[in-house]
Every structure is written in structure tokens, then in C-alpha cells.
Amino acid sequence: MFQPLTLMLGLRYAGARGQRSFASFVSGFSTIGILLGVAALIVVSSVMNGFEQQLKDRLLSVIPHAIVTQANGKLAEPEQYQSLFADHKMVVANAPFIRAEAMVQGPRHLTGVELYGIDPSNQQDRILQRLDSRTREYFEYLPYGLVMGAAVAQNLGLEVGDQVRVTVTEGSRFTPLGRVPSQRLFTVVGTFSTGTDIDNQLIISRLEDAKRLLRYAPNQATGLRLWLDDPFAISALPALPEDLIYETWQHSRGELFQAVAMEKRLMSLMLALIVLVAAFNILSAMVMVVTDKEAEIAMLQTLGLSRVRIMAVFMIQGGFSGVLGSILGFALGLVTCLNLDAILNVLGLNFYGAAGGSSLPVLLLPLQLTLVLIATLLLCVLASLYPAWRASRVHPAEALRYE
């Protein structure tokens with residue numbers, strides 16, 4: 001148990017500057033190392049969290065969270081399966097949906113895209129929510145209207161009002177001249193932008209127009225599209241009848257999020273090594289301090305200070321540098337995160353292009369911040385444990401033999 005005497009001695013040793021100043025020099029730089037390491041870990045982790053959340057918001061607002069379909073990729077009467085999710089709280093909405101590979105031909109060249117057929121009257125569709133009111137109106141009422149990813153339109157040199165030819169092989173038919181793919185002229189009524197590679201891959205048409213293009217039956221679609229309250233809780237979806245299957249975003253985009261998560265973990269590990277090196281510096285500085293103060297330790301023992309309290313004195317001394325560096329680094333990291341854009345502007349740095357916006361995304365997670373602070377404090381205390389134990393094992397007779 002810490003007593004006022006042990007606390008006084010520990011803090012006195014921590015602030016002392018004796019003749020052997022190298023130990024104090026190492027201890028001071030250890031404090032600075034921990035401060036910078038904790039601050040960098042908080043800033044980088046928060047920015048990576050922001051990028052990950054931004055990617056989730058932009059990407060998962062466009063691609064289907066889950067599709068209920070059959071093994072052949074078609075589903076008859078998709079509306080009859082809506083009752084399966086009526087009482088499931090995680091499924092916030094569902095609607096028939098069509099998906100197909102297509103080729104789009106513009107004035108410059110043609111390119112491969114993914115065609116989505118959606119119901120323009122569905123107000124809960126997050127794709128439609130990204131469009132302005134004028135584009136939504138044209139898309140809903142204009143036959144064979146097409147909304148394109150901004151990058152697709154730019155690559156093809158298209159503007160609103162231009163006509164493009166959309167060709168699909170799924171609705172092809174055989175003629176005396178051979179197999180002819182299904183094709184149709186569409187009018188570009190608008191574009192959308194997510195800031196991801198989806199902008200270079202996706203075009204959207206009305207559900208009925210996509211059915212005609214693909215020669216689907218009136219009661220047929222690719223499947224029933226589901227919007228989930230938490231897209232990462234795919235495993236909580238209810239079981240389906242034997243002839244139905246789920247196709248989720250994890251099948252097509254899961255590797256991207258896994259790569260982002262792996263990058264975030266590796267960056268955090270690299271920055272955590274800075275804190276680890278600083279903690280080892282505390283250990284080495286403490287070992288030198290204990291060696292230098294063996295005579296004082298012996299005199300304290302002869303005055304009646306127990307080994308436990310000797311150990312407490314040096315744990316306070318060693319932990320002081322770590323605690324001070326951790327708290328200051330934690331505060332510096334928070335202040336930097338909250339004013340990151342202003343700091344970058346002052347330094348003349350611009351990372352906004354990589355963020356796809358006017359500012360870097362920052363997401364502070366209280367649990368993560370608490371974990372960083374507690375782990376750093378614990379590491380610093382553990383680093384002072386061995387030198388403190390070594391101080392408690394000093395034998396007064398041997399230490400005072402030549403004094």
C-alpha cells in the first residue's frame with residue numbers, strides 16, 4: 001500500500017537531477033517518446049476510423065446489403081417473400097431488384113458496367129436519396145431514363161440529356177444471323193457520386209425498363225433487395241426456405257473492408273511500437289537509477305523501510321514518467337483530432353484529395369481511446385516493475401561495505 005512517505009520519496013526521485021544526469025536525460029526522452037507515441041496513435045487511429053466509416057456510409061448506401069434470390073439468379077414473384085422480413089427489426093426495408101452486367105456505348109467509346117434496376121417510387125431507397133429532386137423526378141417519370149455514376153459519365157463524355165446504348169447478353173435471343181444481345185437506347189437523366197470505385201462501375205435504370213431490356217417476365221426479378229439497420233449483422237438474418245439463398249455485400253465487397261481493417265491494425269501496431277520503445281527506455285533509465293542509489297536504498301532499509309515500500313518508491317518514480325507522458329499524449333491527441341483541419345491548413349498540408357472531400361474524416365471512439373490510455377499506463381507500470389523489484393533486493397551490508 002502506498003504511504004505518504006513512499007509517495008514523497010518516489011516523486012522526489014522522479015524530479016531529482018543528480019550528478020549522473022544521463023539517467024534523467026533518458027527518462028525525459030522516454031516521457032517525450034510516450035507522449036508522441038500516444039498522440040500519434042490516437043490521431044492516426046481516429047483518421048483511419050473516419051476513412052473506414054466514410055467508406056461504409058458511401059459504399060453501403062449504394063450496393064445491396066443483401067439479396068434474396070435463387071441459385072439461377074432469378075426470383076419469381078419476389079413480393080411474396082416480403083412477409084418473411086415483416087417482423088424482423090434488423091431489416092428496415094425491402095423491394096424487388098434487378099442486377100445485370102451490361103455494356104454502355106457513348107460518343108467516345110464503350111465500357112462495361114453493372115446495371116441496377118430499382119423501383120423509383122420507393123422512398124426508402126438510399127440510392128434515390130443521393131439524387132437531387134429534379135433528377136429523381138425525371139428518373140421516375142421518363143421512360144428509359146438512366147442515372148450513371150459520375151466517373152462513368154465522365155469517361156464516356158456524356159452529359160444530362162444525352163442518349164446511350166445499353167447492351168446486355170442476359171436477354172439475348174437467337175436469330176437467323178446468330179445470337180443477338182438485347183440492347184436499347186437510354187437517356188441520361190442525371191449522375192451520382194459516392195467518392196468510391198462504384199462511380200466508375202454502376203448505372204441505374206427503372207425496374208420496369210430493366211425487365212424489358214433483360215426480357216424478364218412481369219412478375220420476375222433478380223431478387224428481393226434488403227436494407228439492413230446494421231449491414232455488418234448479416235449473420236442475424238432469418239433462415240430462408242430451401243430453394244432461396246442470400247447474396248450479401250460481403251460476397252462482392254467484403255475483401256475491400258477486410259483490407260481497410262488490416263491496414264488500420266498494422267498502422268496501430270507500428271505506432272504502438274513507439275510507445276513500447278519508450279517504455280523500454282524507462283526500464284533502462286530506472287535500472288541506472290537503482291544502481292546509482294544502492295547506498296541510499298540501504299540506508300532507508302536500515303531506518304526501517306520495508307522491501308515492499310522500497311519497491312513502491314521506485315515504482316512511483318518509474319511510473320511517473322509513463323503516467324505524465326500518457327496523460328499529456330492523450331490530451332495532445334484529442335486536441336489534434338478536434339482541430340486537425342486547422343492544423344493542416346497552418347502547416348500548408350493538404351490530404352483532402354485522398355479523403356474525397358473538403359476535410360479529413362475523424363471518428364473518435366471512446367472505447368478505443370480508453371483502451372489506448374489504459375494499455376499505455378499499464379505498460380509503463382510494468383516497465384518499472386523489474387527495476388523496483390531489483391531495488392527491493394539490495395542488501396544493506398553489501399551496499400554500505402565501501403561507504
Asks: Against Leu115, only a single residue in Ile98, Ile203, Ile204, Val104 fulfils side chain to side chain contact (heavy atoms under 4.5 Å, CB included); can you say which?
Replies: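 Checked Ile98, Ile203, Ile204, Val104 against Leu115; only one passes side chain to side chain contact (heavy atoms under 4.5 Å, CB included): Ile203.
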
Asks: Is the count of non-hydrogen atoms from other residues, nucleotides or ligands lying under 6.0 Å from Glu137 atom CD greater than 12?
Replies: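 12 or below, so no.
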
Asks: Just do the side chain to side chain contact (heavy atoms under 4.5 Å, CB included) check on Gln82 and Leu224 with the steps written out, would you?
Replies: CA-CA 8 Å; Gln82 291 179 331; Leu224 188 67; 3.8 Å; yes

Asks: Looking at every heavy atom in both Glu77 and Gln80, which two are closest together, and how far apart are they?
Replies: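 Shortest heavy-atom separation between Glu77 and Gln80 comes out as O-CG, 2.9 Å.
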
Asks: Count the heavy atoms belonging to other residues, nucleotides or ligands that lie under 6.0 Å from OH of Tyr141, then report whether that count exceeds 12.
Replies: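 Check fails, neighbour count at 12 or below.
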
Asks: Got more than 12 heavy atoms from elsewhere within 6.0 Å of CD, Glu79?
Replies: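 Counting neighbours around CD of Glu79, more than 12 heavy atoms of other residues, nucleotides or ligands fall under 6.0 Å, so yes.
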
Asks: Does Tyr138, at its OH atom, have more than 12 non-hydrogen atoms belonging to other residues, nucleotides or ligands within less than 6.0 Å?
Replies: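 Open.
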
Asks: More than 12 foreign heavy atoms under 6.0 Å from CG of Leu273: is that the case here?
Replies: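 Enclosed.
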
Asks: Thr196 and side chain to side chain contact (heavy atoms under 4.5 Å, CB included): which partner among Gln54, Arg58, Gln201?
Replies: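 Result for side chain to side chain contact (heavy atoms under 4.5 Å, CB included) with Thr196: Arg58.
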
Asks: Verify the neighbour count for atom CZ of Arg212: are there more than 12 heavy atoms of other residues, nucleotides or ligands below 6.0 Å?
Replies: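 Buried by this count: over 12 neighbours within 6.0 Å.
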
Asks: Give a yes or no answer on whether the side chain of Ser182 reaches the backbone of Leu213 with a donor-acceptor pair at less than 3.5 Å.
Replies: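 Checked: pair present.
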
Asks: Please output the side-chain donor-acceptor pairs of residues 370-379 that fall under 3.5 Å, not counting sequence neighbours, one pair per line with the distance.
Replies:
from   : atom 1 : to     : atom 2 : distance (Å)
Thr370 : OG1    : Pro366 : O      : 2.8
Thr376 : OG1    : Val372 : O      : 2.7

Asks: Please report the shortest heavy-atom distance between Gly325 and Ile34, naming the atom on each side.
Replies: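 Heavy atoms of Gly325 and Ile34 come nearest at C-CG2, 3.8 Å.
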
